[in-house]
2 protein chains.
Amino acid sequence: MPKEPATDVAIVEDNAALGASLRKIVESAPECRCVGVWTSAEDALKKIDAFRPHVVLMDINLPGMSGIEATARVKQHLPDIQVIMVTVYRDHDKIFAALKAGASGYLLKRSTPADLRDAIRDVRSGGAPMSAEIARRVVEAFHQPVKAEPSGDEVKLSKRETEILELLCEGLANKEIADRLDISVETVRVHLKHVYEKLHVRSRTEAAMKFRDSKEEPRYPL
Amino acid sequence: MPKEPATDVAIVEDNAALGASLRKIVESAPECRCVGVWTSAEDALKKIDAFRPHVVLMDINLPGMSGIEATARVKQHLPDIQVIMVTVYRDHDKIFAALKAGASGYLLKRSTPADLRDAIRDVRSGGAPMSAEIARRVVEAFHQPVKAEPSGDEVKLSKRETEILELLCEGLANKEIADRLDISVETVRVHLKHVYEKLHVRSRTEAAMKFRDSKEEPRYPL
DNA sequence: GTTCGCATACCCCCCTTGGGGTAATCGACG
DNA sequence: CGTCGATTACCCCAAGGGGGGTATGCGAAC
């Protein structure tokens with residue numbers, strides 16, 4: 001077990017009582033030091049450069065700039081700072097917006113003091129602390145939609161068709177695709193007609209979108 | 001604190017010694033029962049229907065069908081079964097393939113017996129147990145690429161333009177978009193012209209693709 | 001050995017699309 | 001009050017795209 005490195009923690013929380021409570025919890029961890037309790041995103045952004053905490057506990061619902069936007073700004077300028085969201089929001093949008101903004105952890109406010117201290121240690125040692133409920137949602141975001149293909153049409157595009165579709169997705173016109181593949185425009189058109197039939201679409205844009213989606217969610221064999 | 005429900009656990013692991021070890025760990029948890037240790041994906045798929053475990057500990061590297069494909073098949077037919085991958089693989093592809101296949105947890109084989117028991121409880125109570133390193137990778141998958149826009153062209157699409165672009169992305173033709181928004185086709189064309197100019201593209205497909213990309217990585221204001 | 005899928009190519013027809021205008025309305029911002 | 005952006009609408013025109021054919025060569029499958 002590696003020895004715990006000292007950790008400077010900052011807290012961004014507009015509710016003064018809650019902020020004080022968080023500070024006490026942080027300071028009850030022997031390796032942690034609270035370098036600031038800031039009550040707004042704007043305040044935090046002004047002071048964070050000077051205090052350089054290792055970890056920030058960030059509320060989402062702040063007056064003025066949200067904790068999510070604040071996280072994005074912090075991570076942009078000081079990407080090594082680990083941000084843990086501490087919030088009551090359980091909804092999909094907030095969670096993923098926070099993660100996109102660069103948060104490394106996401107705790108619900110019902111978390112216990114011990115959870116919080118564990119989370120700070122976890123994030124310091126390369127983890128991503130999340131409340132169980134949040135972790136499940138994050139993992140589920142990767143799950144395949146259990147799509148029941150109504151008609152079992154296994155869409156099998158030929159190599160050439162796939163190639164053309166890929167170029168189509170770059171926004172190329174038929175003529176450009178033809179030039180790129182060194183074939184006739186007419187041939188490109190034929191391939192596309194087949195593709196439209198196979199994908200059940202009627203336009204290049206629709207085909208491009210469908211193809212794009214299928215690439216992002218490769219399906220496992222049944 | 002809700003009382004722990006009894007949990008039936010199955011293990012899929014081709015290494016007999018490791019399988020036995022996992023079984024012992026599972027059985028050392030008072031609320032857990034090991035209903036099977038199966039040495040191949042094929043074997044597991046045959047028997048899982050009869051044994052109906054609540055949780056499956058799944059190795060990835062199995063002879064024949066991989067644990068990832070097995071997970072996909074299990075989740076397809078018995079979506080309520082929680083699968084925890086237990087493996088040495090730390091690479092991006094394996095992790096995300098497993099999550100896409102429907103795994104709810106991902107533990108590295110260096111995990112302690114206590115970690116494993118915690119993971120089983122966690123997954124049973126709606127969590128998504130992951131080794132710290134894995135959790136971080138999963139969370140990082142959501143982080144914004146810190147892209148430096150080469151030319152600072154802040155593309156600001158109007159509300160209407162965005163609306164039209166969204167319908168465009170569904171593969172609709174101008175006429176269909178016009179009908180949907182109850183405006184003239186000509187107006188749709190005008191909006192699209194502006195969009196093309198703003199996005200620096202020359203066709204609907206190109207615009208759709210660019211828009212798609214930008215939606216997947218919404219940028220926070222700097 | 002014929003059939004089938006794939007890739008190639010060309011034909012016609014007609015609607016859609018993209019690029020160029022002009023212009024009215026409306027609200028916001030100086 | 002004038003101007004600007006957003007939204008609406010119309011015009012022309014040339015090129016592109018989608019749907020319907022037909023046809024040839026080739027390899028694989030039956």
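Proteins get letters first, then strands, A, B, ... in listed order; numbering begins at 1 in each.
- A perpendicular orientation is assigned to the rings of A/H191 and A/H194, their planes being inclined by more than 60° (bins at 30° and 60°).
- Salt bridge status for A/K159 with A/E163: absent, with no side-chain N to carboxylate O gap under 4.0 Å.
- Salt bridge B/E133/B/R110: present, at least one basic N to carboxylate O contact under 4.0 Å.
- If you check D/dT7, C/dG21, D/dG17 against the side chain of B/K193, the one that comes closest is C/dG21.
- Between B/S184 and D/dC10 there is a side-chain polar atom (N or O) within less than 4.0 angstrom of OP1 or OP2.
- Here the C1' atom of nucleotide D/dC10 and the NE2 atom of B/H191 are 14 Å apart, to the nearest Å.
- For B/R202 and C/dG18, the shortest distance from a side-chain N or O to OP1 or OP2 is not below 4.0 Å.
- Between D/dT7 and B/T187, no contact under 4.0 Å exists linking OP1 or OP2 to a side-chain N or O.
- Between B/H200 atom NE2 and C/dG19 atom P there is a gap of 14 Å when expressed in whole angstrom units.
- We find that CD1 of A/I183 is positioned 8 Å from C1' of C/dT8, with the value rounded to whole Å.
- Remark on the helix from C/dG1-D/dC30 to C/dG30-D/dC1: inter-end axis angle 40°, axes from five-pair C1' superpositions, rounded to 10°.
- Distance CG (A/D182) to C1' (C/dA9): 14 Å, rounded to an integer number of Å.
- Checked against B/D49 for a side chain to side chain donor-acceptor pair (under 3.5 Å), the options B/R52, B/K47, B/K46 give a single hit: B/R52.
- A salt bridge links B/E13 with B/K109: the distance from a Lys NZ or Arg NE/NH1/NH2 to an Asp or Glu carboxylate oxygen falls below 4.0 Å.
- Atom-to-atom, OH of B/Y196 to P of C/dG20 comes out at 13 Å; the value is rounded to the nearest Å.
- For the pair A/S131 (side chain) and A/I134 (backbone), a donor-acceptor distance under 3.5 Å is absent.
- For B/S203 and B/V190, each mapped to the nucleotide of DNA chain C holding its nearest heavy atom, the one lying further toward the 5' end belongs to B/S203.
- Here C/dG18 is the nucleotide among C/dG18, D/dG19, D/dG17 with the atom lying nearest to any side-chain atom of B/R189.
- A straight line from CD of A/E197 to P of C/dA7 spans 15 Å, rounded to a whole angstrom.
- Salt-bridge check for A/K193 with A/E197: failed, with every basic side-chain N at 4.0 Å or more from each acidic carboxylate O.
- A straight line from NE2 of A/H194 to P of D/dG18 spans 14 Å, rounded to a whole angstrom.
- Between C/dT8 and A/R160, a contact under 4.0 Å exists linking OP1 or OP2 to a side-chain N or O.
- Atom CD of A/E186 and atom P of D/dG20 are 16 Å apart (whole Å).
- The shortest distance between the side-chain N/O atoms of A/N174 and the OP1/OP2 oxygens of D/dG16 is not below 4.0 Å.
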